[in-house]
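To start, the structure itself, in structure tokens.
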2 protein chains.
Amino acid sequence: MFGKSINKKLKENDYRLTGQRTAILEVMMDNQGRHLSAEEVLAQARKKQPNIGIATVYRTLEKLAAIDILYKSMFNDDKYRYEINDDHNEHHHHHIVCLACGKIAELEDDLLCSLEGQLETQGFEVVDHELKFFVYCPVCRKKQNK
Amino acid sequence: MFGKSINKKLKENDYRLTGQRTAILEVMMDNQGRHLSAEEVLAQARKKQPNIGIATVYRTLEKLAAIDILYKSMFNDDKYRYEINDDHNEHHHHHIVCLACGKIAELEDDLLCSLEGQLETQGFEVVDHELKFFVYCPVCRKKQNK
DNA sequence: TTATGTGCAAAGGATTTGCAACAGT
DNA sequence: ACTGTTGCAAATCCTTTGCACATAA
């Protein structure tokens with residue numbers, strides 16, 4: 001009910017499908033491309049499961065991130081944020097963070113592969129990478145007339 | 001006494017040079033290229049200023065980061081780490097983080113300039129970027145015989 | 001049934017803050 | 001002297017954990 005590759009992952013990992021987890025997964029699917037904090041997930045999940053607690057949210061997000069269904073990262077506000085990971089095998093997340101409004105855009109590019117190749121010839125095994133650009137986005141630049 | 005460009009920055013920013021701040025700056029200079037947590041800075045600073053408190057360390061690190069004398073970032077252990085910023089104007093930090101031992105290497109490359117250029121033609125103002133590779137380093141790979 | 005998952009409240013760890021005393025300039 | 005800085009302890013914020021109860025398989 002969540003797409004075959006997600007269901008497969010859940011099954012492979014002995015992942016008991018409770019009402020709470022279903023609610024959380026639904027929230028994450030409804031927010032594709034957005035980066036939600038645990039509190040934000042809680043607020044939305046409560047609409048479906050009124051008694052769900054924050055501990056369950058953290059535990060579930062953590063587990064889903066561990067099996068690559070979610071991607072976990074932190075921007076500029078000291079709290080982790082989670083987003084659904086479409087192709088949950090390789091995750092090359094290139095975020096473009098606006099320093100003014102905090103909006104986060106994503107970059108689909110894979111320019112970095114050649115760099116990874118270099119590292120691998122040096123004996124590193126590259127598991128993942130993460131690139132962040134800190135920017136002023138076009139809208140904010142206009143507001144500040146820069 | 002800390003190199004002319006650091007002294008200039010301090011003066012420009014009305015930065016009163018106390019014994020505590022001197023101690024912290026010395027610690028950071030002594031650890032060029034390393035990434036210290038606030039607690040680690042505290043421990044070393046106490047050798048010079050036995051009564052210095054953790055609040056002062058946080059306040060000082062924050063201020064030095066604000067004027068680009070330090071660079072602040074977080075790796076995989078939920079605490080901020082600080083390092084001295086040699087050319088404290090542009091900071092292009094490319095860290096290579098080993099997932100096994102936590103060791104952090106740096107990459108001096110500037111392959112990303114072309115990507116920045118693309119963003120700028122799209123109307124973004126790029127202030128900074130940050131790239132992290134999550135890897136297993138050669139030493140750890142050997143230990144795990146991978 | 002039986003191992004896993006849940007909610008709650010308490011604990012934990014990093015960081016910040018209020019405030020009275022202190023110290024550069 | 002004036003103003004910014006300090007140390008301490010308490011407060012804050014995000015996240016984790018212990019435990020008794022509940023529930024999916």
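Note on naming: letters A, B, ... go to the chains in the order of the sequence lines (proteins, then strands), and numbering restarts at 1 for each one. These numbers were taken from a predicted model, which means no experiment stands behind them.
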Below 3.5 Å between N/O atoms, which protein atoms pair up with nucleotides 22-25 of chain C? Just atom names and distances, please.
unit_1  : atom_1 : unit_2 : atom_2 : d
dT25(C) : OP1    : L17(B) : N      : 3.2

Notebook entry, point to check: Is the backbone N or O of R16(A) less than 3.5 Å from a side-chain atom of R21(A), with the two atoms forming a donor-acceptor pair by type?
Noted result: yes
Notebook entry, point to check: Under 4.5 Å between any side-chain heavy atoms of M28(B) and L70(B), yes or no?
Noted result: yes
Margin query: Quick check for you: among dT6(D), dC8(C), dG7(D), whose closest atom lies nearest to any side-chain atom of I52(B)?
Written below: dG7(D)
Check: In whole angstrom, what separates N13(A)'s CG from dA24(D)'s C1'?
Finding: 17 Å
Check: Between K48(B) and V27(B), does a side chain to side chain contact (heavy atoms under 4.5 Å, CB included) hold up when you go through it step by step?
Finding: CA-CA 9 Å; K48(B) 300 161 192 264; V27(B) 167; 4.2 Å; yes
Next item on the list: Would you kindly give the CG-to-C1' distance between L10(A) and dA25(D), to the nearest whole Å?
Entry: 15 Å
Checklist line | Evaluation steps, side chain to side chain contact (heavy atoms under 4.5 Å, CB included), between Y82(B) and E62(B) | finding: CA-CA 9 Å; Y82(B) 304 81; E62(B) 204 52 44; 3.9 Å; yes
Note to self: Can you measure N51(A) atom CG to dC21(D) atom P for me and round it to whole angstrom units?
What the structure shows: 17 Å
Check: Counting distance only, does the side-chain N/O of K9(B) pair as donor-acceptor with the main-chain N or O of I67(B) below 3.5 Å?
Finding: yes
Next item on the list: Walk me through it: do I69(A) and N85(A) pass the test side chain to side chain contact (heavy atoms under 4.5 Å, CB included)?
Entry: CA-CA 5 Å; I69(A) 286 178; N85(A) 184 1; over 6 Å; no
Next item on the list: Find the distance R21(B):CZ to dG7(D):C1' and express it as a whole number of Å.
Entry: 14 Å
Next item on the list: Can you tell me the distance, in whole Å, between the NZ atom of K48(B) and the P atom of dT6(D)?
Entry: 16 Å
Return the polar atom pairs (N/O with N/O) between nucleotides 13-15 of chain D and the protein under 3.5 Å, or none.
unit_1  : atom_1 : unit_2 : atom_2 : d
dC14(D) : OP1    : K79(A) : NZ     : 3.1
dT15(D) : OP1    : Y80(A) : N      : 2.8
dT15(D) : OP2    : Y58(A) : OH     : 2.3
dT15(D) : O5'    : Y58(A) : OH     : 3.2

Note to self: Of the options dA9(C), dT6(D), dG5(C), whose atoms approach the side-chain atoms of K63(A) most closely?
What the structure shows: dG5(C)
Next item on the list: Quickly work out the L61(A) CG to dT6(C) P distance and round it to whole Å.
Entry: 12 Å
Margin query: Distance check needed: dT4(C) P versus K11(A) NZ, whole Å only.
Written below: 18 Å
Checklist line | Q44(B)-N31(B) side chain donor-acceptor pair, cut-off 3.5 Å | finding: yes
Next item on the list: Please assess Y15(B) against T60(B) for the test side chain to side chain contact (heavy atoms under 4.5 Å, CB included), listing each intermediate value before the final yes or no.
Entry: CA-CA 10 Å; Y15(B) 202 81; T60(B) 301; 3.6 Å; yes
Next item on the list: Give a yes or no on whether the backbone of I52(A) and the side-chain of R46(A) come within a donor-acceptor separation of less than 3.5 Å.
Entry: yes
Next item on the list: Could you tell me the separation between the CZ atom of R59(A) and the P atom of dT6(C), rounded to a whole number of Å?
Entry: 7 Å
